[in-house]
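Excluded from the calculations below are hydrogen atoms, water molecules and symmetry mates; all remaining heavy atoms, backbone and side chain alike, are included. What you see is a predicted model, and the numbers here were worked out from it, not measured in a lab. Atoms within each ligand, like the ligands themselves, are counted from 1 in listed order.
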Amino acid sequence: METIKIEKKLCTCCMDAHEVKIVREKDHTIFKRVMVEYEAVYEYCDRADEYLETGEMISQNDLAMKNAYRIAMKLLTAQQISDIRKKYQITQNDLAKLLGWGEKTITRYESHQVQDMAHDTILRKIDADPEWFLAILEERRNCFPEMAYLKYHNAALQVFEGDRDKYLRKSILAQYAKYCHAELCNGGMNVNLDKVVDVIRYYANSGRVISLYKVKLMQLLWFADFLSYKRRQSSMMGLVYTALPMGAVPIAHRSIINLKGISYEEIEYEDKTGYRFIGDQNGSYPFLSDEDKHLLDIVIEVCGSDTKDQIVKRMHRERAYQETKLNDIISYQFAQDLFIDEVP
Ligand SMILES: [Zn+2]
């Protein structure tokens, strides 16, 4: 028995005014033929050595018992149901309506009524699959006022967007999986996408990198990783680069530039699309060390004002590029000869 607090009041047990303890106790009961253990809160009269529940405690203890049952049965708890609903910023009644359930169903599930297995499965699916949420919202669009529909739609899109980044990262990591023990491919470090995002943001925010288009960005990433390997025997981001006619290009570069946190604008030319990377005015880079930033500053100082042609030429002068066959992986062993590092 754990005492939570002590209150002087009229004790409804012995009908005398005295200090009454509020205590927390392990309790158990059989609910739906399952033995459930849970923590209950009671008043305790030490004169009569008796426990007592106020109306509020009865309700709270009932909820604690039902939640313990839900956990034992691997069902969502009331709080988890509420969290799923809040993720989509939808009201209890509207979520019930969206799912075609009785109007008060969700309200009851978020308190004392334990959901059945079928409804539990549907709530989990809603949680895991924002695309499905959007699809049924579209189907039932007429059930909601326009304002509510738009609010739920936007919230679900945001959830969807968050998931998109998760899948994008998985697909990039899958493409890098085979290099995980190949030091000369990844510079002795497994790819770190948080760092990749921060490095690109650092370049875009620096104000000292002119016209940061994709080809230039790819070279700046390469210089950062190779300079880091030369100085510290470890690359900065763990990217693996192949030699293409325009220079070094990391594996999965198309996916990398779409990671959350990286912004670019698309510029349409007659025959192709250009990607110009833009800063986010946020000067915080939680995944970069001071040493990382120092190395990036060196790269910026040397190449920041390069035009695209200049940086491509700069890359073509590097021994690492010259010694690598087209479409092959550029080995980090060439970092020792890095030309950029010789520039005063
Ligand atoms: Zn008493």
Legend entry - Any residue meeting side-chain hydrogen bond (donor to acceptor under 3.5 Å, both in side chains) with Asn192, in chain and number order, not counting sequence neighbours: none

Inset, instruction - Examine the side chains of Tyr88 and Asp127 and answer whether a donor and an acceptor come within less than 3.5 Å of each other. - result: no

Inset, instruction - Using side-chain hydrogen bond (donor to acceptor under 3.5 Å, both in side chains) as the criterion, list what pairs up with Lys66, not counting sequence neighbours. - result: Asp62

Using atom types as modelled, flag every donor-acceptor pair under 3.5 Å from a side chain in residues 91-102 to any protein atom, sequence neighbours excluded.
residue : atom : partner : partner atom : Å
Thr91   : OG1  : Asp94   : N            : 3.1
Gln92   : OE1  : Thr107  : OG1          : 3.3
Gln92   : NE2  : Glu110  : OE1          : 2.9
Asn93   : OD1  : Lys104  : NZ           : 3.2
Asp94   : OD2  : Tyr152  : OH           : 2.6
Lys97   : NZ   : Cys143  : O            : 3.4
Trp101  : NE1  : Leu99   : O            : 3.4
Trp101  : NE1  : His119  : NE2          : 3.3

Legend entry - Distance filter under 2.8 Å, centred on the Zn ion (ligand 1) - protein N, O or S atoms that pass it: Cys11 SG, Cys14 SG, His18 NE2, Cys45 SG

Inset, instruction - To the nearest 0.5 angstrom, please state how far the CG atom of Asp290 sits from the OH atom of Tyr285. - result: 13.0 Å

Inset, instruction - For Asp225 and Tyr241, test the side chains for any donor-to-acceptor distance below 3.5 angstrom and give the result as yes or no. - result: yes

